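I have placed the structure first, in the form of structure tokens, so that the comments after it can refer back to it.
On a predicted model such as this, the values are computed, not experimentally measured, just so you know.
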Amino acid sequence: MPKLVIDPVTRIEGHLRVEVEIENGKVKDAWSAGTLFRGIELILQGRDPRDAWHITQRICGVCPVPHGLASVLALEDAFKVQPPEPARIVRNLIEGTQMLHSHILWFYHLNGLDYVDIISSLQARPKEESLINVKNKISTFINRGQLGPFANAYWGHPAYRLPPDLDLLLLAHYLQALEVQLKATKPTAVLGGKWPMHMNTPPGGLTKVPTIQQIKSFLYIVKELQDFVNTVMYQDLLTLAPFYLDWANKGRGVGNYLAWGVFEDRSREPKKRFLPRGVVFDGKGQGEDAFPAEVKEHVCHSFYESKGPLNPQRGETKPRFIEYSTQESYSWLKAPRYKDMPMEVGPLARVLVAYLSGHELIGKEVDSLLKQLGQEGNLEILKSVLGRIAARVIESRVIAAKMEEWLLELIEELKKEKVEVYQEYELPKESEGLGLWEAPRGALGHWVQIKNGRIANYQCVVPTTWNASPRDDYNRRGPLEEALVGISVEDPKRPIEILRVIHSFDPCLACAVHVIDPTTNEIYKIRVI
């Protein structure tokens, strides 16, 4: 059976190989393989537990903030300490700017060019001076042969459907978004001490009290982000969606969704977080609560040895590389499962869990969007490639609005006569802890074991481990693998349809493409952006 291999995949973070079998122009089977082993969990063994939140932020250069916060939650659980209110709010604010930065980056720069044709934009006939200037810049860029990283993309592919004027408009917003996402990093640098790896939220609270002036500066940036998300990004979603509405019926995946919840409530209860904890099975239900004890990591098809599916609290990271084989082991990713079921995580999971849990703001946003797309009440269309795009925009609108409320709340906390930002604690000789949080890409968990005052074991289950996982011990595909099955591929030399599915999960794993022609089996090596 003819195969198509994308190795590595571009416009993602890290190293991902995707292999598919094609039959009658459609994907019949798929294998997702993480091709890089780093071993952060092994690096942590034997260290002072207080080092963990610094080191784990280096797991990812795109979203270090949630790794730091998940680690801090795990350590605070082990240390039996709860930070004061100002620390809770500052952490929410830093996480919020991380979410907005990541969603804007993904929507325009990692995913957008799967739907916007740069070359087509040259045929546009703009009337606005700003768009004329953008067209002239792009024209000069292309005519000089300076497409650079865009030179080997699939421009002109029939899967691109926007008219030239809209291609140009969204390219203008692509350039604008470069500046906007930069603004989203500034509050983390101010409140967190630096960016991208912040320094101000250790176990126990904060190391520095923000000033009222810093908070007011933060508020100004939040207003700018709100304006861009609501008037540009949201409108671009409404522009794209009608031309690609068929992608609301493609790439559904496993249909199960998990969210650990994010943005701490005063109660510190995960189910009461601003975006709540929960699971949804088979795309149905009412967003029931999720429990970490139900998580197990399978390694039957991974490059690890283990006694069997283990909960991360007792998890093992014992690398065992053997020859790549889709029948045996083929990925450095483990296969996490919840109640032995594969689960999709990420913005779509968070939006569905919140919606089915009765979240008022998410409910209004989802219902409004469906109505504007002529799909009123049809929640099923969100469980798709287009739904994953929409979920990031919905979430951006809701988070941007909520951040203003948190800022005002923080000002009131800092006006109090006695402001406490740090809670002292004693480092335990032996203890365990877990921190469940959300990164922009989805559910994130850190588990720590402490013995003799040192880290004896540390395990991380990150979003892409859930989404891009290989098959489990029951030979069930991971969410990304399952989402690829059934996807039509018009031209195996230019597999843009497959890239759309992959990018919809925003894998955090890097990229050129090797394609096997279904007729001749000739291998093509194609650079993808």
Side-chain angles (χ1 to χ4, degrees), residues 66 88-89 91-104 106-107 184 187 218-219 221-238 241 257-280 285-290 345-373 375-379 381-383 386-410 437-440 442-443:
R88 175 189 69 83
I89 302 169
R91 292 177 186 182
N92 283 350
L93 290 167
I94 293 176
E95 175 76 13
T97 56
Q98 170 74 83
M99 286 279 193
L100 293 176
H101 169 267
S102 183
H103 287 350
I104 293 169
W106 177 85
F107 185 86
F218 197 153
L219 182 59
I221 294 174
V222 167
K223 294 282 190 182
E224 288 186 294
L225 295 174
Q226 287 176 347
D227 183 63
F228 180 81
V229 167
N230 292 330
T231 65
V232 180
M233 190 174 174
Y234 188 70
Q235 293 305 313
D236 286 345
L237 171 64
L238 295 178
Y257 304 91
L258 166 70
W260 291 132
V262 67
F263 303 117
E264 207 76 87
D265 176 78
R266 283 183 180 272
S267 69
R268 317 297 171 101
E269 294 181 19
K271 191 62 180 172
K272 294 184 179 180
R273 287 173 173 173
F274 177 61
L275 295 178
R277 186 172 78 179
V279 291
V280 176
Q286 297 300 316
E288 63 183 87
D289 203 358
V345 303
L348 177 56
R350 289 192 293 267
V351 166
L352 288 175
V353 167
Y355 185 91
L356 294 172
S357 298
H359 194 290
E360 183 178 358
L361 293 178
I362 291 291
K364 288 181 179 179
E365 289 291 340
V366 169
D367 291 342
S368 174
L369 178 61
L370 292 177
K371 184 175 182 179
Q372 291 184 78
L373 295 179
Q375 300 290 323
E376 188 170 4
N378 186 9
L379 195 65
I381 73 164
L382 289 183
K383 303 162 188 176
L386 185 61
R388 295 186 190 101
I389 298 173
R392 281 175 171 83
V393 180
I394 288 171
E395 194 171 62
S396 296
R397 282 165 61 87
V398 169
I399 292 172
K402 187 66 175 179
M403 285 179 67
E404 184 174 351
E405 182 180 323
W406 287 324
L407 282 166
L408 297 176
E409 190 178 346
L410 181 57
W437 198 241
E438 292 281 324

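- Remark: Phe274 CZ to Leu361 CG distance equals 5.0 Å, nearest 0.5 Å.
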Practice item. Please step through side chain to side chain contact (heavy atoms under 4.5 Å, CB included) for the pair Glu376 and Asp367, ending with a clear verdict. Key: CA-CA 7 Å; Glu376 188 170 4; Asp367 291 342; over 6 Å; no

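- Not counting sequence neighbours, the partners of Pro66 by the side-chain contact (heavy atoms from CB on, under 4.5 Å) test are Cys63, Glu95, Gln98, Trp437, Ala439, Pro440, Leu444.
- Separation of atoms CG (Leu352) and CG (Leu258) is listed at 12.0 Å; rounding is to 0.5 Å.
- When every heavy atom of Ala400 is checked against every heavy atom of Val222, the shortest pair comes out as O-CG1, 3.8 Å.
- Between Glu438 and Arg350 there is a salt bridge, since at least one side-chain N of the basic residue sits less than 4.0 Å from a carboxylate O of the acidic one.
- Lys371 pairs by the side chain to side chain donor-acceptor pair (under 3.5 Å) definition with nothing, not counting sequence neighbours.
- Taking a cutoff of 4.0 Å between a charged side-chain nitrogen and a carboxylate oxygen, Lys402 and Glu405 qualify as a salt bridge.
- Across every non-hydrogen atom of Val353 and Ala259, the tightest pair is CG2-CB, 4.3 Å.
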Exercise for review: Give the intermediate values and the outcome of side chain to side chain contact (heavy atoms under 4.5 Å, CB included) for residues Val393 and Phe107.
Suggested key: CA-CA 8 Å; Val393 180; Phe107 185 86; 3.6 Å; yes

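- Scanning for side chain to side chain donor-acceptor pair (under 3.5 Å) contacts around Glu409 gives Arg88, Arg266, with sequence neighbours left out.
- Taking all atoms of both residues into account, the shortest heavy-atom contact from Leu237 to Ala390 is CD2-CA, 3.9 Å.
- Smallest separation of non-hydrogen atoms from Ser396 and Met233: OG-CE, 3.9 Å.
- Only one option out of Arg91, Arg273, Lys272 pairs with Glu264 in a salt bridge (Lys or Arg N to Asp or Glu O under 4.0 Å); it is Arg273.
- Applying the side chain to side chain donor-acceptor pair (under 3.5 Å) rule to Gln235 yields no partners; only residues at least two apart in sequence or on another chain are considered.
- Of all heavy-atom pairs spanning Ala290 and Val279, the tightest one is CB-CG1, 3.6 Å.
- For the ring pair (Phe, Tyr, Trp, His ring centres under 6.0 Å) test, no residue two or more places apart in sequence or in another chain qualifies with Tyr355.
- Pairs of residues two or more places apart, or lying in two chains, never qualify as salt bridge (charged side-chain N to carboxylate O under 4.0 Å, His left out) while including a residue from residues 229-238.
- The NZ atom of Lys271 sits 3.5 Å away from the OG atom of Ser357 when rounded to the nearest 0.5 Å.
- Ile394 CD1 to Ile389 CD1: the interatomic distance, rounded to the nearest 0.5 Å, is 12.0 Å.
- The line from CD of Glu365 to CG of Leu369 is 8.5 Å long, rounded to the nearest 0.5 Å.
- Remark: Gln372 pairs with Tyr234, Leu238, Ser368 by the side-chain contact (heavy atoms from CB on, under 4.5 Å) rule, at least two apart or across chains.
- Looking at residues two or more places apart in sequence or on another chain, you find a side-chain contact (heavy atoms from CB on, under 4.5 Å) between Ala391 and Pro347, Leu348, Val351.
- For the atom pair CD1 of Ile94 and CZ of Phe218, the computed distance is 7.5 Å after rounding to the nearest 0.5 Å.
- Between Leu275 and Glu395 there is a side-chain heavy-atom pair separated by less than 4.5 Å.
- The side-chain heavy atoms of Arg397 and Gln226, taken from C-beta on, include no pair separated by under 4.5 Å.
- Residues satisfying the salt bridge (Lys or Arg N to Asp or Glu O under 4.0 Å) criterion with Glu224, sequence neighbours excluded, are Lys183.
- In this structure, the side-chain contact (heavy atoms from CB on, under 4.5 Å) partners of Asn378, at least two apart in sequence or on a different chain, are Gln375, Glu380, Ile381.
- Of all the heavy atoms in Ile399 and Met99, the pair that sits closest is CD1-CB, 3.9 Å.
- Checked against ring pair (Phe, Tyr, Trp, His ring centres under 6.0 Å), His103 has no partners two or more places apart in sequence or in another chain.
- Not counting sequence neighbours, Glu269 has no partner by the side chain to side chain donor-acceptor pair (under 3.5 Å) test.
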